[in-house]
Amino acid sequence: MADLLRNLNEAQLAAVTLPSQHALILAGAGSGKTRVLTTRIAWLLSTAQVSPAGILAVTFTNKAAREMLTRLTAMLPVNTRGMWIGTFHGLCNRLLRAHHRDAGLPQSFQILDSQDQLAAVKRLLKAGNIDDEKFPPRNVQWFINGAKEDGLRASALETTDDYSRHMAELYAAYDAQCQREGVVDFSELLLRSFELLSANQPIREHYQRRFRHVLVDEFQDTNNLQYRWLKLLAGDGAKLFAVGDDDQSIYAFRGANVANMAAFEREFKVENLIKLEQNYRSHGHILDCANGLITRNSKRLGKSLWTDAGEGEPVRIYEAMTDGQEAQWMLEEVRSLVAEGYSRSDIALLYRSNAQSRVLEHALFSAGVPYRVYGGLRFFERAEVKHALAYMRLLDNPGDDGAFLRVVNFPARGIGARSLEMLQDAARAGGTSLYDAASRMTGAAGVKLAGFVGLIEKMRRDTARLSLKELVEHLTEVSGLMAHYAVEKEGQERIENLRELVNAAAAFLAEEGVAQDLPSSAGLNQLSAEDSPDQTEVGNALVSADVVLAPGEVTALTPLAAFLSHASLEAGENQAGEGETAIQLMTVHSAKGLEFDAVFITGLEEGLFPHENSITEMEGLEEERRLMYVAITRARKRLYMSFTQSRMLHGQTRYNIRSRFFDELPEGSVKWLTPKVRASAPSGSGRYDRWGSGSLSFDDASPSLARDADSGRLGLADQRAAQKFDRGVSYRIGQSVRHARFGDGVVVNIEGSGNDARAHINFGREGLKWLALSVAKLEAIN
DNA sequence: TCGGTTCAGAGTATT
DNA sequence: TCTGAACCGA
């Protein structure tokens, strides 16, 4: 036990060993948050304050849940089986499987991912003949999920106008459709289990009694429903241990509500607010930049990172002419870092939006430097994998209309839109699933549809005795998927993915099998003993529930159904790592939680970072600043920040001024690699104009500049090229200027000469202005 | 039912 | 500029 607590700093120790009370741990970036969380669990267990069954720990990602479990088992030889450690969605899934009847669901309900959900909404709109111009499927989906996150069913919505009334109707129809088909979307998992707990007193009290300690990771990312779910589960007895960092709240756009932190402190009368401020990741200058920046935010719980690792190197700042040149500079820095001994996998290139990766990739690719881009399609989201999964879903549940439609004509079986329309009408008229209706169809379409139903039935018979792995293997062949991709131009990769799906099924089975061989019986006994007081009260439902819960998820399900929910809840890796150590490219959002020796934050320009859309949002700028804070705190030893004067975006060259964030960094901690020019966005509350209308394309004005700049570094050639456009006035494109009223700006274009000369100047938030050079009082500032 | 063309829209993302 | 979705002709 002493081992457990060794090497914890004072604050960490205080958090880990808190008495049984509600607690809020404000854990700064790199302050050992996961360590505190896992050590807290280990402490509670090893001091016998709680048994494994009394622990519930919840995270947002599968990765975080795995990490917690791995660290915990390394820390003490505990049977983790009795604990509930997982994602919100994973735990809700568990709860609903165990009490499916009380929750009003079939036991093997399937889970729709966002793609599936959107498809379901589209199908609904089509069936109801709804104008999808007036009600775009995405908006409907967004509306439904938003309502669910507020804990509201369609019937509970306040409808004030036609639009919201219509939306509510669609929501109700969507829910009915899901219920009919036996499927559940992500937000439904949360809401349904919330409703289960609130409506069913025995079940609620059982869990409230069972869980003594509820621990939450990344608390700042919880949405309203998740917070209410936690409150309900904790009840009066359990102690909530919430760990989070309000400065790293960057997911407001998907419903996260930082205010939950303050609400928690207030509602649970938290006496123990512990701040973890010692940072074990970054050098001093990097932290100084992070602190300097984040103190500009007004609504903070307050926290300041420090380190005893020394100040390290200053943060390097670079100004480029073009995005191409920024990439080129980055490439050369990367090369010299590698030459210095940095591992490529310890170097990250971060950007605000995905579109920015192209230029960077281009530079790396041309130079033959291995790199890896995060994001994009993940394994279980690939079309071919989803097709195979749809066949499996149909085997498991013929009522799954979404799965039916996905594969009824894939590979092509001559069942076109016409036949399907007739089928859908028939199904609606008869109140049956498409699958059931298919066997009753007449005519030519009926023959083909009957053929499909026959295929599925035969599959079901032929796979009845097969293992999950063999089932998947069989299915991919018999469905015709393999044959279809074999002749397709780029089908080889898809075939590989289907083979990988077979492997995934085998691996899933193996894991489940191992899980059952491990001391699961001991775990079960322990658990039943723990729970025995409840059993009399609650009855058999819970005994069976805990049989489901104890040996890991979903063991009471068929392997097929279990694998399908695994596929929905864990989307898998995106693209294999390829083994080679590679430079890491990702958005700042995806970098959260990661750390690297060297980090480049690129594209730090007004309009990009902070993003222009954020300016009009409530507290959008503060969220952008937190995003920047997250980016900075990813770096251990070396941090670069760069911006460019011009950038190709949406096929147009935009002239940007550097991000205001540069002016929020302490001067003593940064080092400008290019001369620092005083040309930032003016402060104040001006409106942020969109660019576009008045912007000039580099290609129109300066083919040679564009070419030179693209090919490499900013050299004399570029300077000279830029000067070509100096039309006898002392300004050039890209020149930074200062105006008494508009503040600092960048010259974007110059027209005319002599007395007629006028310049188009981007003043950032003041917008783009044409100014007559003979009249305007402009001061050149570089 | 397919392939090609056209058009709009382009921020961040886990489950 | 690039992508995905919608649409049209064979």
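Fair warning: this is a prediction, and the values are worked out from it, not measured in the lab. In what follows, chains carry the letters A, B, and so on, assigned in the order in which the sequence lines appear, proteins first and then strands, with residues in each chain numbered from 1.
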J.: Sequence neighbours left out, what passes ring-ring contact (aromatic ring centres under 6.0 Å, His included) with A:Phe410? Give chain and number order.
T.: A:His387, A:His484
J.: Say we look at B:dT12 and C:dA5: how far apart would their C1' atoms be, to the nearest angstrom?
T.: 23 Å
J.: Sequence neighbours left out, what passes side chain to side chain donor-acceptor pair (under 3.5 Å) with A:Arg406? Give chain and number order.
T.: none
J.: Distance between the P atoms of C:dG4 and B:dA13, in whole angstroms?
T.: 16 Å
J.: Hey, does A:Asp113 reach any base, or is it just sugar-phosphate, or nothing, if we go heavy atoms under 4.0 Å?
T.: nothing
J.: Can you tell me how far P of C:dT1 sits from CG of A:Asp323, to the nearest Å?
T.: 13 Å
J.: Going by the rule side chain to side chain donor-acceptor pair (under 3.5 Å), which residues pair with A:Ser187 if we only count those two or more places apart in sequence or in a different chain?
T.: A:Asn145, A:Asp185
J.: What contact category does A:Phe186 fall into here, base, sugar-phosphate, or nothing, at under 4.0 angstrom with non-hydrogen atoms?
T.: base
J.: Have a look at A:Arg352 and say if it touches a base, only the backbone sugar-phosphate, or nothing, with a 4.0 Å heavy-atom cut-off.
T.: base
J.: Does A:Asp400 come within less than 4.0 Å of A:Arg393, counting only side-chain N to carboxylate O?
T.: yes
J.: Return the value, rounded to whole Å, for the distance between atom NZ of A:Lys122 and atom C1' of C:dA6.
T.: 10 Å
J.: So what does A:Phe88 touch, heavy atoms closer than 4.0 Å: a base, only the sugar-phosphate, or nothing?
T.: nothing
J.: Please classify the nucleic acid contact of A:Asp185 as base, sugar-phosphate, or nothing, using heavy-atom distances under 4.0 Å.
T.: nothing
J.: Among residues 215-225 of chain A, which ones have heavy-atom contacts with DNA chain B below 4.0 Å?
T.: none
J.: Salt-bridge test for A:Glu606 and A:Arg660: reply yes if a basic N is under 4.0 Å from a carboxylate O, no otherwise.
T.: yes
J.: If the condition is side chain to side chain donor-acceptor pair (under 3.5 Å), which residues does A:Arg138 pass it with, not counting sequence neighbours?
T.: none
J.: Taking any atom closer than 4.0 angstrom to a non-hydrogen atom of chain A, what span of DNA chain B does the protein reach, first nucleotide to last?
T.: B:dT1 to B:dT15
J.: On DNA chain B, check which nucleotide each of A:Thr87 and A:Glu617 is closest to and give me the residue with the more 5' one.
T.: A:Glu617
J.: Between A:Glu188 and A:Arg153, is there a side-chain N and carboxylate O pair less than 4.0 Å apart?
T.: yes
J.: Just to be sure I understand the rule, does A:Glu624 reach a base, reach only the sugar-phosphate, or reach nothing, if contact means heavy atoms closer than 4.0 Å?
T.: base
J.: Residues in side chain to side chain contact (heavy atoms under 4.5 Å, CB included) with A:Phe253, at least two apart?
T.: A:Tyr251, A:His589, A:Glu623
J.: Please enumerate all residues that pass side chain to side chain donor-acceptor pair (under 3.5 Å) together with A:Glu595, with sequence neighbours excluded.
T.: A:Arg281, A:Arg636
J.: Tell me every residue that passes side chain to side chain contact (heavy atoms under 4.5 Å, CB included) with A:Asp217, counting only those two or more places apart in sequence or in another chain.
T.: A:Lys33, A:Leu37, A:Thr59, A:Ala64, A:Met68
J.: Which of residues 409-419 of chain A sit near DNA chain B, with a heavy atom under 4.0 Å from it?
T.: A:Asn409, A:Ala412, A:Gly414, A:Ile415, A:Gly416, A:Ala417
J.: Using a 4.0 Å heavy-atom cut-off across all strands, classify A:Gln226 as base, sugar-phosphate, or nothing.
T.: nothing
J.: Could I get the full list of ring-ring contact (aromatic ring centres under 6.0 Å, His included) partners for A:Phe135, not counting sequence neighbours?
T.: A:Tyr163, A:His166
J.: Does a side-chain N or O from A:Arg358 land closer than 4.0 Å to OP1 or OP2 of C:dT1, or not?
T.: no
J.: With a 4.0 Å cut-off on heavy atoms, is A:Ser568 in touch with a base, just the backbone sugar-phosphate, or nothing at all?
T.: nothing
J.: Who pairs with A:Ala571 by side chain to side chain contact (heavy atoms under 4.5 Å, CB included), at least two apart in sequence or on another chain?
T.: A:Arg378, A:Glu381
